[in-house]
Amino acid sequence: MSTPSPIDARAWRYLAAHRVARLTTIDTNNLPSVVPICYATDGAMIYSALDAKPKRVAPTALKRVQNILNRPDVALVVDDYREDWAQLSYLLVRGRATLITDESEEHARAVALLRAQYHEMPIEDQPIIRIAPQHTRFWESRPDATDSGAEPARRLDFAALVRGRRSVRAFRPDPVPRALIERILEAARWAPSPHGRMPWRFAVITRPEIKTRLADAMGDTWQQTLAMDNEPPAVVAKRLANSHDRIRTAPALILLCLYIDDLDHYPDAARQTAESLMAIQSLGAAAQNVLLAAYEAGLDAGWMCAPLFCPETVRAALDLPDSLVPHALFPIGYAAKDPKRRPRLPRDELVVRWE
Ligand SMILES: Cc1cc2nc3c(=O)[nH]c(=O)nc-3n(C[C@H](O)[C@H](O)[C@H](O)COP(=O)(O)O)c2cc1C
C-alpha cells in the first residue's frame, strides 16, 4: 500500500500475530461503544468483516457501522493477559474507519486476508470495515523479549499449537532472547512427574565455545561408534558433520537430563525398573512442554537423542554431576525455512479400542 503508516514494524507484527481486538466507536450521544472484533491486516490497514453470523439487525444497521458512518474516529485495543504478569502487553490503535461496500480490488483483498478466520462463512457480499491507523501505543511489561528483533509469540489456541509444532533442524543465526528461554524452562517445570518428584534437570548452552566443545566431544564418541558399525567413511563423515553443525550452529541448546536421586528405591528389580521408566516417561512430558513453549514463543526446536548414546561424554563436556543422565538435546532458534511435515496415521488406526 502506498499510504504511509504511523505504525512501526513491531506493532504490525503484534497485530499480525493476533486475531481479536476490542473496537471502540462513538455514538450520536458521544458515548463510547465497545465490541470484540476479528480482524486481519495487510501491514497498512486493518480490516474487519461484517460477517453472516446471526445478528438482530442487517450488517449495515449494526451500531458500530452506524457510529462509524456518523463519526469515523475509532480506537482498537489488542492485548495479551497472562497469569505471569511479566508477559502482559497491549497495542492501542487510534484511527479512522470507513466502510468498504463496493466490489473494489481492496474489498477482494480484504476478504482474502480475512478468509483464514472465517473459513467457510460467506463474507464476500458483506461490507468490510477498514481502519486506517493514525496513532499507536504499544506497551509490554517485559520489553526485552521483543525489543531484540525477535519474532513475537505465536498466540495460538491449543489445537493450533499442538498441530503447528514441528521438528526444525536448521536455524537462522539470530540469538534467542534469555526471557524466552526462561519461559520455555518455566513450562518444563510444570510437567507431570511420578510422585511429583520432578526427575528432570536442564542445562542451557548459548556460548559458542561451549557448543563447539560439546559438538567436538560428542562427534569423537560417535565416530568411534560408527566405525564399529563398519559404515563407509564418506557416510560417517557426512553424518558427523551434520550432527556437529546442528549442535554448533543452534542459537541455543537445552539439554534434558534424568535426575533419579529423588525417586523411590525398591529392593526388587521389577518395581525399580517401573520406577525408572516412569521417570523417563516424565522426561517425555517435560520435553513436550519445552517444544510447545518454544513454538508458542515464536521459536522452533528440534530433538536430538544423541546424548542418550554418550551420556558420560556430554557430562564431561558440560562439567555436570554424576547424578544427571543426559537424555536429549533440544536445539532452539528461529527456523531457517519451514520444514516438511511428517504425516500422521489416521486417528482410527491409533485408537485400538473404544467401547
Ligand atoms: C525420543 C525422540 C528422539 C528423537 N531423536 C531425534 C534425533 O536424534 N534427530 C532428529 O532429527 N529428530 C529426532 N526426533 C524428532 C522426530 O524425528 C520427529 O519428532 C518426528 O519425525 C515427527 O516430526 P515432527 O516433530 O516435525 O512432527 C526425536 C523424537 C523423539 C520423540
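Just so you know, ligand 1 is whichever comes first in the structure, and atom 1 is the first atom listed for that ligand. When reading the values below, keep in mind they use all heavy atoms of this one structure, side chains included, and skip hydrogens, waters and symmetry mates.
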Inset, instruction - Assess the pair Y14 and F138: is the distance between their ring centroids shorter than 6.0 Å? - result: yes
Legend entry - For R246, atoms of ligand 1 separated by under 4.0 Å from a heavy atom: 9 (N), 10 (C), 11 (O)
Legend entry - Pair E182 + R178: basic N to acidic O under 4.0 Å: yes
Legend entry - Nearest-option assignment for atom 28 (C) of ligand 1, heavy atoms, candidates F309, W303, F330: W303
Legend entry - Enumerated ligand 1 atoms positioned under 4.0 Å from heavy atoms of R165: 24 (P), 25 (O), 27 (O)
Legend entry - Test applied, side-chain contact (heavy atoms from CB on, under 4.5 Å); reference residue, I181; option that passes from L299, I332, T206: T206
Legend entry - Q223 side chain near R239 side chain, heavy-atom distance below 4.5 Å: no
Legend entry - Option whose closest heavy atom lies nearest to atom 19 (O) of ligand 1, chosen from S243, G284, G164, S167: S167
Inset, instruction - Report, in ascending order of atom number, the atoms of ligand 1 lying under 4.0 Å from any heavy atom of R169. - result: 10 (C), 11 (O), 12 (N), 15 (C), 16 (C), 17 (O)
Inset, instruction - For atom 20 (C) of ligand 1, grab the closest protein heavy atom and report residue, atom and distance to one decimal in Å. - result: R342 NH1, 4.1 Å
Inset, instruction - Number the atoms of ligand 1 from 1 as they appear, then name those within less than 4.0 Å of a heavy atom of M304, with their elements. - result: 7 (C), 8 (O)
Legend entry - Backbone of L292 reached by a side-chain donor or acceptor of R165 within 3.5 Å: no
Inset, instruction - Please check if the distance between the ring centroids of W200 and Y259 is under 6.0 Å. - result: no
Legend entry - Nitrogen or oxygen of R166 less than 3.5 angstrom from that of ligand 1: no
Inset, instruction - Provide the number and element of each atom of ligand 1 under 4.0 Å from a heavy atom of R341. - result: 27 (O)
Inset, instruction - Say whether C305, considering both its backbone and side-chain N or O atoms, lies within less than 3.5 Å of an N or O atom on ligand 1. - result: yes
Legend entry - Atom indices of ligand 1, in the order listed, that fall short of 4.0 Å to a heavy atom of R344: 22 (C), 27 (O)
Inset, instruction - Give a yes or no on whether a salt bridge exists between D264 and R197, defined as a side-chain N under 4.0 angstrom from a carboxylate O. - result: yes
Inset, instruction - Determine, for R271 against E275, whether the closest basic-nitrogen to carboxylate-oxygen distance falls under 4.0 angstrom. - result: no
